[in-house]
Number of protein chains: 4
Amino acid sequence: MVKKDKPKYKQIVDAAVIVIAENGYHQAQVSKIAKQAGVADGTIYLYFKNKEDILISVFQEKMGMFVEKLEHILTQEVSASEKLRLMIESHFGLLSGDLHLAIVTQLELRQSNHEIRMKINGVLREYLLQMDKILVKGMEDGEFDKDMDIRLARQMVFGTMDETITTWVMNDHKYDLVDLAPKVHRLLMKGMRA
Amino acid sequence: MVKKDKPKYKQIVDAAVIVIAENGYHQAQVSKIAKQAGVADGTIYLYFKNKEDILISVFQEKMGMFVEKLEHILTQEVSASEKLRLMIESHFGLLSGDLHLAIVTQLELRQSNHEIRMKINGVLREYLLQMDKILVKGMEDGEFDKDMDIRLARQMVFGTMDETITTWVMNDHKYDLVDLAPKVHRLLMKGMRA
Amino acid sequence: MVKKDKPKYKQIVDAAVIVIAENGYHQAQVSKIAKQAGVADGTIYLYFKNKEDILISVFQEKMGMFVEKLEHILTQEVSASEKLRLMIESHFGLLSGDLHLAIVTQLELRQSNHEIRMKINGVLREYLLQMDKILVKGMEDGEFDKDMDIRLARQMVFGTMDETITTWVMNDHKYDLVDLAPKVHRLLMKGMRA
Amino acid sequence: MVKKDKPKYKQIVDAAVIVIAENGYHQAQVSKIAKQAGVADGTIYLYFKNKEDILISVFQEKMGMFVEKLEHILTQEVSASEKLRLMIESHFGLLSGDLHLAIVTQLELRQSNHEIRMKINGVLREYLLQMDKILVKGMEDGEFDKDMDIRLARQMVFGTMDETITTWVMNDHKYDLVDLAPKVHRLLMKGMRA
DNA sequence: AATGAATGAGCTTTCATTCAT
DNA sequence: TATGAATGAAAGCTCATTCAT
């Protein structure tokens with residue numbers, strides 16, 4: 001049984017999300033995370049190399065949920081456009097359902113230093129690669145414009161989603177994020193349609 | 001002559017950009033900025049209230065250039081689509097021409113704490129308001145889809161640009177950013193066209 | 001076991017007395033106190049909220065000895081005049097026995113800022129209240145002048161003692177302070193006698 | 001014409017008293033004193049060696065008034081007891097008439113460092129020497145107890161006065177200080193009477 | 001495995017003093 | 001004489017990490 005499977009590992013990761021969301025990135029001290037997790041400060045270091053390792057693990061563990069959902073969507077027998085819609089909806093849905101997580105990924109974790117952000121980007125890459133598969137499929141099937149620059153298209157899709165979520169978080173979740181999914185989908189589709 | 005017009009004010013702001021770009025946000029100590037600016041540590045405090053004030057001033061001073069360019073574009077007698085193209089080109093151009101600034105705005109300044117980012121967002125808002133004017137104009141003139149949600153459209157435009165620039169910065173400016181402007185414009189236009 | 005009972009608490013308070021006495025109030029840096037106490041700088045902050053808290057604690061801990069002695073004297077079955085004598089003798093004796101403490105209370109701690117001195121005065125008040133009990137008892141028993149203004153009498157007693165001790169400290173303890181107690185007692189008694 | 005006679009010298013000393021009284025010793029920066037005096041920071045250093053020199057000068061200039069009054073009292077053809085009464089009354093009167101000065105001498109200046117306080121004590125000595133003359137005269141004339149220890153008596157007189165004034169200042173001058181003079185005189189006289 | 005007391009490096013800001021004008 | 005912009009040394013406090021128990 002590896003460390004990641006032990007109950008305290010997840011306990012600490014979840015505690016980190018809560019502490020960061022409630023206190024902000026710069027006020028999320030290791031001792032606070034330990035207290036929230038119900039363990040001693042020193043115990044943290046039996047499961048994580050250092051504080052940075054906790055933060056990256058938070059992103060890995062949680063991003064994993066997004067990748068899994070996306071992989072599931074990819075196996076479905078529907079059009080690329082529909083897959084895109086499902087992805088947006090699922091992405092918005094996951095964050096709507098965990099406000100702490102939304103705050104952490106959209107606002108707080110972006111305050112981390114260069115090195116951590118680079119490692120986070122490594123984790124994010126996997127998600128973007130899956131996203132690319134939808135775009136490629138759509139172009140092959142003639143649903144999306146064959147002349148699209150894949151990278152630009154991906155940046156538009158991800159940039160639009162990201163900007164939409166961040167605005168929603170910064171407006172204190174005043175409106176329903178998932179309700180926006182169809183509109184965002186339609187807007188993006190118009191841009192990419194063949 | 002107010003403080004902002006004195007040569008040392010700009011000297012320190014420019015030094016801050018260089019130091020933050022080269023050392024990262026968290027390694028940009030006041031003493032480093034002072035040294036780069038060629039003044040004593042204490043001199044900084046004759047021109048800025050505190051460190052936070054330096055960082056916000058960096059954003060204000062530099063963002064000012066973007067707003068000015070955009071205001072100039074808005075006065076031109078061209079179509080909304082053409083204005084959008086000019087905006088993207090000008091935005092990409094300014095950052096291409098100052099790699100330090102690009103690093104600072106796209107990566108480093110986002111690591112600042114909540115309070116500073118809120119103030120930065122205040123400055124950014126002005127830019128987004130100008131951007132909205134282009135979108136509204138386009139919708140009124142029948143160039144852009146009259147049924148667009150302005151906020152979503154703005155998020156798509158800004159999100160796409162932002163994501164494109166950040167990717168470029170994180171890839172060490174390996175390719176020419178301005179060259180991407182027409183493609184980004186075309187992609188966004190397709191999405192917004194009437 | 002509360003913080004005040006832990007050995008390091010007293011260790012740090014005692015170190016503070018020595019450092020302040022030997023270096024002066026304004027040269028008593030936290031790092032010096034930590035070094036003298038044989039702990040790390042950070043350890044100080046496990047036992048004290050901040051530097052101010054150390055200084056107030058010094059006064060509280062040490063003044064506590066004076067109050068205890070005085071309370072003991074008050075329980076004794078002797079005349080008010082004799083209690084006054086015992087108080088003066090005991091007060092002079094405690095400071096004679098700890099020259100560092102004498103310097104700190106008579107000279108250095110008075111250089112502290114307004115806020116600290118106000119808190120110190122709070123501690124001192126308890127001592128003065130006990131002192132008042134002696135004066136009231138003496139007036140009730142007909143030993144002291146019944147028409148005395150209690151506040152003025154207390155100011156004479158405390159002012160004379162304080163001035164006597166301060167002069168002794170500033171003269172580098174050249175003579176024996178306790179030897180002066182009977183004379184001071186006689187002088188004060190003459191002033192207050194019925 | 002020496003520096004002390006120039007108008008700016010007194011201007012700065014008076015400014016210092018006001019600034020210290022209104023802001024507290026530790027918030028009385030040189031620049032604040034300069035501003036209050038209506039001169040440039042640098043000008044201060046044309047009249048005073050350093051900040052310490054300003055503070056000592058404040059005490060010298062103001063204490064001079066007390067010594068002059070006392071010298072005048074000494075020339076009068078009255079009993080020692082009456083001289084003592086005049087001294088207390090005049091001392092209380094001068095401070096009652098200049099609340100800023102009272103705050104500065106009784107509270108703020110005592111926060112200065114060891115060195116400054118030593119120099120202040122030098123100035124004070126002159127006053128105490130004059131005070132001794134009254135006590136000696138009283139003992140020679142048989143008004144005061146011939147067996148008194150002069151130093152102790154002086155400490156009682158000065159300590160009582162000082163404690164009385166400080167209490168009055170700390171109680172925000174709620175009552176009239178000069179009104180207390182006769183009572184203080186009577187109390188001290190009882191203690192010293194032959 | 002778990003604890004938590006102890007460590008100590010690191011940084012912003014103030015302000016007395018100087019000196020070129 | 002007078003100015004005031006510039007200087008730069010100095011210190012309290014935090015918190016990630018360790019390690020003896």
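Every chain is numbered from 1 and lettered A, B, ... according to where its sequence line falls, protein lines coming before strand lines. Keep in mind the model is a prediction, meaning the values are calculated, not measured.
Following rounding to the nearest Å, D:Asp41 (CG) and E:dT14 (C1') show an atom-to-atom distance of 14 Å. In this structure, CG of D:Leu46 is placed 13 Å from C1' of F:dG4, rounded to the nearest angstrom. Straight-line distance from the NZ atom of B:Lys35 to the P atom of F:dG8: 12 Å, rounded to whole Å. Regarding C:Phe48, its CZ atom lies at a distance of 15 Å from the P atom of F:dT14, rounded to whole Å. The distance between atom CD1 of A:Ile12 and atom P of F:dT17, rounded to the nearest whole Å, is 14 Å. The separation between C:Tyr25 atom OH and F:dA11 atom C1' is 14 Å, rounded to whole Å. The CG atom of B:Asn50 sits 9 Å away from the C1' atom of E:dT13 (whole-angstrom rounding). One interatomic measurement links the two molecules: OH of B:Tyr9 to P of F:dA6, which rounds to 15 Å at whole-angstrom precision.
Side-chain atoms of D:Tyr45 and D:Val30, non-hydrogen and from C-beta on, do get closer than 4.5 Å to each other. B:Gln111 is listed as a side-chain neighbour of A:Arg117, based on a closest heavy-atom distance under 4.5 Å.
Note on C:Asp14 versus C:Lys62: salt bridge recorded, some NZ/NE/NH1/NH2 to OD/OE distance being below 4.0 Å.
Pairing for E:dA20 goes to F:dT3, judged as Watson-Crick or G-U wobble with the two contacts each under 3.5 Å. Look at F:dG12: its Watson-Crick or wobble partner, with both distances under 3.5 angstrom, is E:dC11.
The residue among B:Gly38 and C:Ser31 whose nearest nucleotide of DNA chain F lies closer to the 5′ end is B:Gly38. A residue-by-residue look at B:Gln27 and A:Ile44 shows that A:Ile44 has its nearest nucleotide of DNA chain E further toward the 5' end. Toward the 5' end of DNA chain E, the nearer of the two residues C:Thr43 and B:Lys49, judged by each one's closest nucleotide, is C:Thr43.
At the phosphate of F:dA6, neither OP1 nor OP2 sits under 4.0 Å from any side-chain N or O atom of B:Tyr45. D:Lys8 has a side-chain polar atom (N or O) that falls below the 4.0 Å cut-off from OP1 or OP2 of F:dA2. Considering only side-chain N and O atoms, B:Tyr47 lies under 4.0 angstrom from the phosphate OP1 or OP2 of F:dA6.
The shortest non-hydrogen separation linking C:Ala16 to C:Ile54 is CB-CG2, 3.9 Å.
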TODO: Could you please spell out the steps behind the side-chain hydrogen bond (donor to acceptor under 3.5 Å, both in side chains) verdict for A:Lys8 and A:Gln11?
DONE: CA-CA 5 Å; A:Lys8 278 195 181 155; A:Gln11 205 171 315; over 6 Å; no
